[in-house]
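First comes the structure, then the notes that go with it.
Quantities reported herein were computed from a predicted structural model and do not represent experimental measurements. We use all heavy atoms of the structure for the numbers below, so side chains are in, but hydrogens, waters and symmetry mates are not.
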Amino acid sequence: NQVLVPVTLGYGSKKTEALLLLDTGASIITLFQEIYEQLAISQTQKATFTLAGGQKIESVVAKLSYVKVGPVVKKDIHAGFIEYQGSENEFQGLLGMNFLKGTEYPIVFKNQVIKWKKN
């Protein structure tokens, strides 16, 4: 019961594709360390994330140039970066509420499609 979303992430002149888990419980986009390295992130701020179970982890936040999902592009959007430890996943992070807020995205489970609507 997961919704995986193909996303294009841009930072300066670098861009990469990733598969993110749609997560309405995540306040911001959260990406795994491999994306941080692919985008060669250079400017960050320290941050503390609170996980679903209440555990706190130290990490960094950076402002991405853009995040594109289907026809929806959000510019100058923050993303957190964490070192993922656990079993291998199909996805490379979480698509959080700082992207989803203010965007319509009805999910058609029968066809396994999200109908992204530009605002």
Worksheet item: Strictly by modelled atom types, are Tyr11 and Thr16 linked by a side-chain donor-acceptor pair under 3.5 Å?
Response: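 No, Thr16 and Tyr11 have no side-chain donor paired with an acceptor closer than 3.5 Å.
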Worksheet entry | Distance-only polar pair, side chains of Lys74 and Thr103, donor-acceptor under 3.5 Å |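 Side-chain D/A pair, Lys74 to Thr103: present.
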Out of curiosity, [X] [atom1] to [Y] [atom2], how far, rounded to the nearest 0.5 Å?
| X | Y | atom1 | atom2 | answer |
| --- | --- | --- | --- | --- |
| Lys115 | Asn111 | NZ | CG | 7.5 Å |
| Lys14 | Ile35 | NZ | CD1 | 13.0 Å |
| Gln92 | Glu17 | CD | CD | 10.5 Å |
| Ser27 | His78 | OG | NE2 | 12.5 Å |

Fill in: Greater than 12 external heavy atoms within 6.0 Å of Lys15's NZ
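No - once you tally the heavy atoms of other residues, nucleotides and ligands closer than 6.0 Å, there are 12 at most.
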Worksheet item: Between Trp116 and Phe99, how do the two ring planes meet: parallel, tilted or perpendicular, split at 30° and 60°?
Response: perpendicular
Please report the shortest heavy-atom distance between [X] and [Y], naming the atom on each side.
| X | Y | result |
| --- | --- | --- |
| Leu94 | Ala26 | CD1-CB, 4.2 Å |
| Glu90 | Leu4 | OE1-CD1, 3.4 Å |
| Pro6 | Leu19 | N-CD1, 3.7 Å |
| Gln43 | Ala62 | O-CB, 3.5 Å |
| Ser65 | Gly12 | OG-N, 2.8 Å |
| Leu39 | Leu9 | CD2-O, 3.8 Å |

Item to complete: Take Ile29 and Val67, measure what side-chain contact (heavy atoms from CB on, under 4.5 Å) needs, and give me the verdict at the end.
Response: CA-CA 10 Å; Ile29 297 165; Val67 174; 3.8 Å; yes
Are side-chain heavy atoms of [X] and [Y] found at a separation under 4.5 Å?
| X | Y | answer |
| --- | --- | --- |
| Ile77 | Lys63 | no |
| Thr44 | Tyr36 | yes |
| Glu58 | Lys46 | no |
| Val61 | Ile28 | yes |
| Leu20 | Leu31 | yes |
| Ile114 | Leu22 | yes |
| Val69 | Leu95 | yes |
| Val60 | Gln45 | no |

Item to complete: Could you state whether Ile57 and Phe32 fall into the same hydrophobic cluster, counting links through intermediate Ile, Leu, Val, Met, Phe, Trp or Tyr residues with side-chain heavy atoms under 4.5 angstrom apart?
Response: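 In one cluster with Ile57: Phe32, yes.
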Worksheet entry | Cluster check Leu21, Val108: I/L/V/M/F/W/Y, side chain < 4.5 angstrom | no
Worksheet entry | Thr24 and Met97: CA distance, side-chain angles, deciding distance, side-chain contact (heavy atoms from CB on, under 4.5 Å) verdict | CA-CA 6 Å; Thr24 59; Met97 288 306 294; 4.0 Å; yes
Worksheet entry | Side-chain donor or acceptor of Asp23 paired with backbone N/O of Gly25 under 3.5 Å | yes
Worksheet item: Tyr66 ring centre to Lys75 NZ or CZ under 6.0 Å, with the angle to the axis within 45°?
Response: no
Practice prompt. Could you check Thr48 against Lys56 for side chain to side chain donor-acceptor pair (under 3.5 Å), going step by step and ending with a plain yes or no?
Written response: CA-CA 6 Å; Thr48 302; Lys56 294 188 183 303; over 6 Å; no
